[in-house]
Each structure stands twice: as C-alpha cells, then as structure tokens.
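Naming: A, B, ... by sequence-line order, numbering from 1 per chain.
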2 protein chains.
Amino acid sequence: MNDGDEGARPAGRSKRADARRNEETLLDAAAAVFVASGVDAPVRDIAAEAGVGMGTIYRHFPTRADLIIAVYRRQVEACAEAGPALLATSATPYAALGQWITLFVDFLVTKHGLAAVLQSDNAGFETLHAYFLDRLVPVCTQLLDAAAGSGEIRSDLTAYELMRGVGNLCIGADHDPRYDARRLVDLLIAGLRRPH
Amino acid sequence: MNDGDEGARPAGRSKRADARRNEETLLDAAAAVFVASGVDAPVRDIAAEAGVGMGTIYRHFPTRADLIIAVYRRQVEACAEAGPALLATSATPYAALGQWITLFVDFLVTKHGLAAVLQSDNAGFETLHAYFLDRLVPVCTQLLDAAAGSGEIRSDLTAYELMRGVGNLCIGADHDPRYDARRLVDLLIAGLRRPH
DNA sequence: TCGTTAGCGGAGCAACGTTCCGCTTGCTCA
DNA sequence: TGAGCAAGCGGAACGTTGCTCCGCTAACGA
C-alpha cells in the first residue's frame, strides 16, 4: 500500500526529491482527471495529465485502487471522524446515524463513478473495497449499536450490509437527474426504524 | 433490436436455415456461459462455446445488450406479467408490490453480474437498460399507484427511481455471503410505508 | 567531482470489444 | 437437377485498455 503522508521507509533514508515531487503531481493530476472523466479514467490519461510516464504511476501506486485511496484518503478520514462527533452532538443516535449516512452519500455521489468501482467485482479493487470498509464499518457499527441501544431501530442489520447497501444506492447517481440516491437512502434509513 | 421469436423481416422472406440454427445455438451457449462466468463474459468465450466465429455473434446480436436481452427476454416478460396478477390476488396493493419486487430481486440476484451491467454507465448498454425499464417501469407504476391509492405508502417516489434503487441493491449480491440484497430491499420497501 | 542506484519513461504484451472482408453454402429458379 | 447468387460465416486485424519490463538519466552521498 501507499505510504501515506510521509516516508515510513525501512530505515531513515528518505525519498529522492523528484520522487516526492512526482507523487504530489500525480495526486493532483489524478484528482483532476477523476473529476473530469470519472475514477475509471484510463491510466494513460492520468500519466499524461501529470506529464510523467506510466512506469512512474505504477511505481508510486502499484494498483489503481492505491491511487484512488490516496486521492480520497483525507475525505474518508474526515467522514470516519465525523461519526463519533455526530453521536455526541445529535439529539438521538438515530439522528446521528442519518446525518452520518448523508455525509457518506454526499461524498460518494460527488465522485463520478466511485460508488460503481467500489462495488465492482473486478479483481484489483479489493484493496479499495477493503480500505473503505476497514475505515468506515467500525464507525457505522458504533452508530448502529447506539441507535439500536436506544430502541429506535431494529438491530438485525450489520454495519457491513448497510454500508454496502448505501454504496450500491449511490451508483449512477450522477449523470441521471431522474435518479436521486439521497432520497432512496433516506427511504432505506426510514425502513430501519423499529416498527410501531 | 433483435427480432424476437420469429422472422419479422421486411417481406415474407425467411432466414436461412443455418442462420436460424446458429441463433438458437448462440442463445443456448450464451445462457450457459452467463451462468458459468457472468453476463460480462468475453464475447470470444461465447462464440467458442457455440462453436461459431465472432462475426456470427455480432450479426445476430449487434450489441452485447441485444444478446443479454434475448437470453432473458422470457423471464422478464414473465415478471412483467406477474404484476397485474399479483395485484389481483394479493390482500392489499402494498403486499402485491412487495411480492412483485421479491420476484424481480430473485431474478436479478440469480443472474451473475446482470444487476451490475444493468446500471453500468458504459456506452452500449443503454438498450439493455432501456429494455428493462420499458418493460418493467409501467408495471411498477401500476403497483405503486395502487399502493399509494390505498394509502399504504407515500406517493412521492417514481417507479423509475424505485426500480433503479432495487436494481442497485442487487449488485454484487452473489459472491458475497455477508451481503443479503433481499433484506436490504425489504428495508427499502418498508421505508415506503406511510409514516404512522 | 564522481560513482551508485533510485527513479524515470515509454515500448511492448495480453485481453478485450468490435469491424471487415473473402469464402462457403443454402436457397431459388429454370 | 444443377447453376448462380447473395445470405451468412469465420477469424484476422484494429483500437483501447491495464500492466510489466528494462535501458537510461540524474539525484544524492562521499
């Protein structure tokens, strides 16, 4: 996997300056291309946008998933951290859950094609899938448990299933004005309410 | 689009015998390969399974979507026709809607990768998308209207949105035992209920 | 300044969808 | 029946993709 913000290399040796520069450039280029052409834009396009060769891209980000993770890491972290915060400030755990899901949906819907690639069964995207799950499922579990504990919702749904369901509902939400993922997710969350 | 069961050609001329035979063979081969490798199996595999060349496949089914439609046409028709029937025999319109959606979900979930390809924004699958929509949205509208008319559900959701949402929820439902699409769809349908 | 080597670029390969065209062969009509 | 025609066939070939590989460049430590 990518080494995140800074050199977590074997010894104290640090990366060469041009390498660090390229990684930065690549992240910017990828972000731009993702916005313009979606997260499944051809790797060649990203390399071209960054003005580097393809070898460079694959050395820094061995997998397309690694690149996507690196581009969106900050936002995913922010979303994960918002969970406990919402739980602390919201009127009820169920309200917190709803707001948190909204945050997640807003994130997904604005990333052209990310939701689709996230659920894609193409080999090579497992690490992307895994990253989102590792980071967000625990947060979702916490919210879900709290809401179940307060008796507001049924408790027979796992956080994993909910996250996948919400992710799925976001697929194709861009480029189709007739489909409003937010509304359907709201419906799903409404369906969670304990009957009566 | 493909000409369905029988020759709907310009004049009375009918297809050559070998052509008809090949079309049949191709449908069988495609069905088999779809089951084994999913609906997005390589076209070459289908041609090989049928023992024909690639030109043959593309003459009969200009688009991958046409092939998929041809393979599943019967089942989609059956699903469409079940709508009014359920409405007539079920206790309430809402119950009919739930059962019909279940039918649809069962169909989608058992077709490896069909749900995914159905929502794919890849060019070339619009006709597949369109076929499903043309055939099923009217049925769904009828059920939805009936359920809204009887006051059981809220009436601010279009059949189109519901169908897309349900289709999305079915993505990846195979090959992941931790994800039960049926349960999430049930939740969604439960969320439709008019509050109180 | 100079040698080492991290890092770079892009040619090249494999897998895929799709097109194209020369050949085969079923069908028609005498 | 058998010739002629065109419907239909097969698969080579092309464009696009993801990803690898390796010879070369230039950054950095001494």
Along DNA chain C (nearest heavy atom to each residue), the more 5'-positioned of A/D18 and B/A17:
A/D18
What is the distance from CD1 of A/I46 to P of C/dG9, rounded to the nearest Å?
15 Å
Please state how far atom NZ in A/K15 lies from atom P in D/dC28, giving the value in whole angstrom units.
13 Å
Can you check the A/R20 CZ to D/dA27 P distance for me, whole Å?
14 Å
Point-to-point distance, once rounded to the nearest 0.5 Å, from NE2 of A/H129 to CG of B/D176:
6.5 Å
Round to a whole Å and report the spacing from CG of B/N122 to P of C/dG17.
11 Å
Distance in angstrom units between B/L26 CG and D/dG10 P, rounded
9 Å
May I have the distance from A/R16 (atom CZ) to C/dT5 (atom C1'), rounded to whole angstrom?
8 Å
Need to verify one output field. Residue with the more 5' nearest nucleotide on DNA chain D, B/A19 or A/G124?
B/A19
Starting at atom CD of A/E23, determine the distance to atom C1' of D/dA27, rounded to an integer number of angstrom.
17 Å
Within the 4.0 Å limit for protein heavy atoms, which parts of nucleotides 11-18 of chain D are touched? Write it as a string from 5' to 3', B for base, S for sugar-phosphate only, - for none.
B-B---BB
According to a 4.5 Å side-chain heavy-atom criterion applied to Ile, Leu, Val, Met, Phe, Trp and Tyr, with indirect links allowed, do A/L157 and B/V166 form part of one hydrophobic cluster?
yes
Taking 4.0 Å as the cut-off, does a side-chain nitrogen or oxygen of A/N22 come that near to OP1 or OP2 on C/dG7?
no
Partner of A/L128 under side-chain contact (heavy atoms from CB on, under 4.5 Å), chosen from A/T63, A/L133, A/I68
A/I68
Give a yes/no answer on whether the side chain of A/H60 brings an N or O atom under 4.0 Å of OP1 or OP2 in C/dG7.
no
Roughly how far, to the nearest 0.5 Å, is the OH atom of B/Y179 from the CG atom of B/L169?
4.5 Å
I'd like to know if the side chain of B/Y94 reaches the main chain of B/I189, judged simply by a donor and an acceptor atom lying under 3.5 Å from each other, with no hydrogens or angles considered.
yes
ring-ring contact (aromatic ring centres under 6.0 Å, His included) involving B/Y72 - partner list, sequence neighbours excluded:
B/F107
Round to the nearest Å and state the distance from A/F61 atom CZ to C/dC8 atom P.
11 Å
To the nearest 0.5 Å, tell me how far B/D121 CG sits from B/E126 CD.
10.0 Å
